[in-house]
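Below is one structure, written out as structure tokens, with a few remarks after it.
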Amino acid sequence: MHTDIPEEIAENPWFKIVEFLQRNRAVVIKLEDDVLVVFYGDTCGVFDEMPFPTRDEDEHALRRNGFSKFLEDKRAQEFIGLPRGEFTERPHPNGGIYSSGRFWR
């Protein structure tokens, strides 16, 4: 999984509040021919990723699945902090949460 996430990208992640106020975050990494959405949790543990052919497609899919941009949501900034630390691979015990399609529309 991709864990080399530049700090400037991590400063404005997509986020989604899931059960018990846990937050899932996502950043979009531009690759050579497409983009990669990398999902991580509150402790910078990368648990899933999904490729998209274009930047527009990934943004539309993230919004459709309940994600919002952190710096666009002033209310969220009042009570949600950004995780700090080194990004590491931390696979979820249930496998690919979003890439499996179980929690992705």
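Excluded from the calculations below are hydrogen atoms, water molecules and symmetry mates; all remaining heavy atoms, backbone and side chain alike, are included. Remember, it's a predicted structure, so these values are computed and weren't measured experimentally.
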Inter- and intrachain pairs under side-chain hydrogen bond (donor to acceptor under 3.5 Å, both in side chains), touching residues 7-19, at least two apart:
E11-R84
Are L82 and I5 connected, step by step, through hydrophobic side chains (Ile, Leu, Val, Met, Phe, Trp, Tyr) whose heavy atoms are closer than 4.5 Å?
no
Mind checking whether R63 and K69 have side chains closer than 4.5 Å, heavy atoms only?
yes
Nearest heavy-atom approach of V27 to P13 is CG1-CB, 4.0 Å
Kindly write out the residues that satisfy side-chain contact (heavy atoms from CB on, under 4.5 Å) with E86, not counting sequence neighbours, or none if the list is empty.
none
Indicate the atoms forming the closest heavy-atom contact of E89 with M1, along with that distance.
OE1-N, 3.4 Å
Tell me the salt bridge (Lys or Arg N to Asp or Glu O under 4.0 Å) pairs involving residues 29-46, sequence neighbours left out?
R23-D42, R25-D42
In chain order, what residues pass the side-chain contact (heavy atoms from CB on, under 4.5 Å) check against N94, with sequence neighbours excluded?
H92, I97, R102
Is there a continuous path of hydrophobic side-chain contacts, each under 4.5 Å between heavy atoms, that joins L62 to I9?
no
Taking all atoms of both residues into account, what is the closest heavy-atom pair of C44 and P83, and its distance?
SG-CB, 3.8 Å
Verdict with supporting geometry, V35 and I29, side chain to side chain contact (heavy atoms under 4.5 Å, CB included):
CA-CA 6 Å; V35 295; I29 307 293; over 6 Å; no
So which atom in F15 and which in I80 form the shortest heavy-atom distance, rounded to 0.1 Å?
CE1-CD1, 3.8 Å
For residues 43-56, which residue pairs qualify under side-chain hydrogen bond (donor to acceptor under 3.5 Å, both in side chains), counting only residues two or more places apart or in two chains?
T43-R90, D48-S99, T54-E57, R55-E59
All pairs passing ring pair (Phe, Tyr, Trp, His ring centres under 6.0 Å) where residues 42-75 contributes a residue, at least two apart:
F39-F67, F67-Y98
Taking a hydrophobic cluster as the set of Ile, Leu, Val, Met, Phe, Trp and Tyr residues connected by side-chain heavy atoms closer than 4.5 Å, whether directly or through intermediates, do V46 and V28 fall within one such cluster?
no
Determine whether Y40 and L71 fall in the same hydrophobic cluster, where Ile, Leu, Val, Met, Phe, Trp and Tyr are linked whenever their side-chain heavy atoms lie under 4.5 Å apart.
no
Would you say that more than 12 heavy atoms from the other residues, nucleotides or ligands in this model lie under 6.0 Å from the CZ of R64, or not?
yes
Nearest-0.5 Å distance that lies between atom CD1 in I17 and atom CG in N24
10.5 Å
